[in-house]
Colleague: 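Have a look at this one.
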Amino acid sequence: MTEPTGPLKGLRVVDLTRVLAGPTCTQMLGDLGAEVIKIERPEAGDDTRGFAPPFMPNTRESAYFVGVNRNKKSITLDIAKPEAQAIVHKLLENADILVENFKVGALAKYGLGYDQLKEKYPGLIYCSITGFGQTGPYAPRPGYDALIQAMGGVMSLTGEIEGEPQKVGIPVADLFAGLYGTIGILAALRHKQETGQGQQIDIGMLDTHVAWLANQGMNYLATGQNPPRLGNQHPNIVPYQVFPTADGYMVLSIGNDPTFERFCKNFGLERLLADERYATNAARVQNRALVTETLTAVTKTMPTDEWISKLEALKIGCGPINTLDRVFADPHVQAREMLVKMDHASGQEVTVIANPVKLSATPPDYRSAAPVLGQHTEEVLASLGMSAAEIEKLKADKIV
């Protein structure tokens, strides 16, 4: 592992997270330069080590785990045992941040709850990420991405008009919770810088899910009416949706009336500009089906690539619906360096998705690929002053 260069260089994170929301948070901190020590269960490790296939090529490491655990040191500890709890405390003596996603109250059984630590480590920033937060009637419940998408409303908004509710194709509830956790930690670091005081950050996946209902949530608050599912259409803008082409589909995003006028004048639809049903966005929203039918007859006349070329020349929002092979081959994605190759402890090179935060002076760095289970146990324990004999005894006693 090379030396960090990011803006969080010098900070130590004790990572008691697993699966996706918590590891997303701690990987972001690691990418930005923090030292992240990931504590995993002996023998089993993070659950996502077993979320396979697929495995990374020529390794026994799951693609899932490798995607959210770079820039971390893995140590194994059975925190149910007092000796392991003592090691966690040794780590906390020089730690700035603890991130955990255990069920509410679970870490208190091991003396590692926030209320048990805050007086001994007054500067500790303690981030808890759970399904429903630390308070409220649902606090004891486990949280799962699909469950949160259902309860948080997004599934009621996603899917075809006459179809069943759909979840988003990636685990957005987990990812948003992790990223909100990172934002909270960065804010708490600023407070600590000013006062020397740490605090607990309480992230509930349902809370973060409700927070990003965004315009649809506000549409409900403004009208008192549940927004309907609209498939690939926009609730407030028309046309802003998927349209068929001669050889597939494209997204057409016309965000204002001048752009709609430009579209009509260039593609033989000038007659629509004199029709009040098409004249303004508000009118087009009211006549959504008519507008969609009218434009569909036109979009079907050319293949996707030809449409994209012509629309881009007119500065009209558009795009192909890329499969992932096309995403990663896209020249813009490649120019933005959104794929990174890293050396893995297996001896293989692994390709991972890069951090999207572009910082001009202190960009994210890529010091080490996701670790194999317990890869850094001896290194970390030795840094705490333990001798080789002491470490061997911990192994023999199945504490590490």
Side-chain angles (χ1 to χ4, degrees), residues 13-29 39 46-47 79-80 85 88-89 92 95-157 167-168 171-192 194-214 216-218 220-221 226:
V13 180
V14 174
D15 181 358
L16 283 165
T17 71
R18 58 206 184 281
V19 189
L20 186 55
T24 296
C25 173
T26 53
Q27 178 168 277
M28 178 64 77
L29 298 174
I39 297 174
D46 187 319
D47 300 300
I79 63 170
Q85 295 159 20
V88 177
H89 279 275
L92 291 174
D96 302 277
I97 301 157
L98 184 152
V99 187
E100 59 92 7
N101 62 349
F102 281 69
K103 291 180 183 178
V104 173
L107 282 179
K109 295 185 296 185
Y110 312 125
L112 298 173
Y114 177 65
D115 289 339
Q116 297 160 311
L117 299 178
K118 63 182 180 181
E119 291 186 9
K120 187 172 184 179
Y121 311 105
L124 181 65
I125 294 167
Y126 189 111
C127 180
S128 299
I129 302 174
T130 58
F132 299 95
Q134 300 294 303
T135 61
Y138 301 161
R141 296 185 185 181
Y144 297 96
D145 181 87
L147 172 65
I148 300 299
Q149 288 198 42
M151 295 180 68
V154 77
M155 283 182 67
S156 77
L157 305 171
K167 69 179 181 66
V168 180
V172 289
D174 277 309
L175 296 171
F176 268 81
L179 294 176
Y180 274 112
T182 303
I183 293 168
I185 288 167
L186 296 178
L189 283 168
R190 173 62 174 166
H191 176 73
K192 180 180 177 179
E194 294 294 311
T195 67
Q197 296 176 348
Q199 59 185 298
Q200 185 176 25
I201 300 159
D202 175 6
I203 300 291
M205 289 170 63
L206 183 59
D207 296 346
T208 61
H209 209 63
V210 171
W212 71 272
L213 288 174
Q216 289 282 51
M218 293 307 301
Y220 168 76
L221 293 176
N226 287 317

Colleague: Decide side chain to side chain contact (heavy atoms under 4.5 Å, CB included) for Val99 and Ile201; before the verdict, give the C-alpha distance in whole Å, the side-chain angles of both, and the deciding distance to 0.1 Å.
Modeller: CA-CA 9 Å; Val99 187; Ile201 300 159; over 6 Å; no

Colleague: So which heavy atom on Pro142 is nearest to which on Leu147, and how close?
Modeller: O-CD2, 3.8 Å

Colleague: Give, for atom CD of Glu100 and atom SG of Cys25, the distance between the pair rounded to the nearest 0.5 Å.
Modeller: 11.0 Å

Colleague: Any carboxylate oxygen within less than 4.0 angstrom of a Lys/Arg side-chain nitrogen, looking at Lys192 and Asp96?
Modeller: yes

Colleague: Is a side-chain N or O of Asn101 found less than 3.5 angstrom from the main chain of Thr130, in a donor-acceptor match?
Modeller: no

Colleague: Could you report the tightest heavy-atom contact between Ala146 and Lys167, atom names first, then the distance?
Modeller: CB-CD, 4.2 Å

Colleague: With heavy-atom distances below 4.5 Å as the criterion, would you say the side chains of Trp212 and Val172 are in contact?
Modeller: yes

Colleague: Write down the atom of Leu112, the atom of His89, and the distance for their closest heavy-atom approach.
Modeller: CD2-NE2, 3.9 Å

Colleague: Measuring from atom CG of Asp202 to atom CD of Gln134, what distance do you get when rounded to the nearest 0.5 angstrom?
Modeller: 5.0 Å

Colleague: Could you check if a side-chain atom of Asn226 sits within less than 4.5 angstrom of a side-chain atom of Tyr220, using non-hydrogen atoms only?
Modeller: yes

Colleague: To the closest 0.5 Å, what do you measure between CD1 (Ile148) and CE (Met205)?
Modeller: 5.0 Å

Colleague: Quick check: closest heavy atoms across Ala177 and Ala21, and the distance to 0.1 Å?
Modeller: CB-CB, 4.2 Å

Colleague: When you compare the side chain of Thr24 with that of Thr182, does any pair of heavy atoms fall below 4.5 Å?
Modeller: no

Colleague: Between Lys103 and Pro140, is there a side-chain heavy-atom distance shorter than 4.5 Å?
Modeller: no

Colleague: Sorted by first residue and then second, give each salt bridge (Lys or Arg N to Asp or Glu O under 4.0 Å) pair with at least one member in residues 109-123; sequence neighbours left out.
Modeller: Asp115-Lys118

Colleague: Of the non-hydrogen atoms in Gly133 and Val104, which two are nearest, and what is the gap between them?
Modeller: O-CG2, 3.4 Å

Colleague: With heavy-atom distances below 4.5 Å as the criterion, would you say the side chains of Leu124 and Pro122 are in contact?
Modeller: no

Colleague: Compare all side-chain heavy atoms of Leu92 with those of Leu117 and state whether any distance is below 4.5 angstrom.
Modeller: yes

Colleague: To the nearest 0.5 angstrom, please state how far the OG1 atom of Thr26 sits from the CG atom of Asp15.
Modeller: 3.5 Å

Colleague: Give a yes or no answer on whether the side chain of Gln116 reaches the backbone of Ala108 with a donor-acceptor pair at less than 3.5 Å.
Modeller: yes

Colleague: Going through the distances and angles, do Gln149 and Val168 end up as a side chain to side chain contact (heavy atoms under 4.5 Å, CB included)?
Modeller: CA-CA 8 Å; Gln149 288 198 42; Val168 180; 3.6 Å; yes

Colleague: Within the structure provided, determine whether Leu16 and Leu98 are in side-chain contact (heavy-atom separation under 4.5 Å).
Modeller: yes

Colleague: Any chance you could measure Gln27, atom CD, to Thr17, atom OG1, to the nearest 0.5 Å?
Modeller: 10.5 Å

Colleague: As an exercise, state the distance from CD1 of Ile125 to CD of Gln197, rounded to the nearest 0.5 Å.
Modeller: 11.5 Å

Colleague: Look only at the side chain of Asp145 and the backbone of Asp174, and say whether a donor-acceptor pair between them is shorter than 3.5 Å.
Modeller: yes

Colleague: Could you check whether Ser128 and Gln200, counting side-chain N and O atoms only, form a donor-acceptor pair closer than 3.5 Å?
Modeller: yes

Colleague: Ring-plane angle category for Tyr180 and Phe176, please: parallel below 30°, perpendicular beyond 60°, tilted otherwise.
Modeller: tilted

Colleague: Would you say Tyr138 has more than 12 foreign heavy atoms packed within less than 6.0 Å of its OH?
Modeller: no

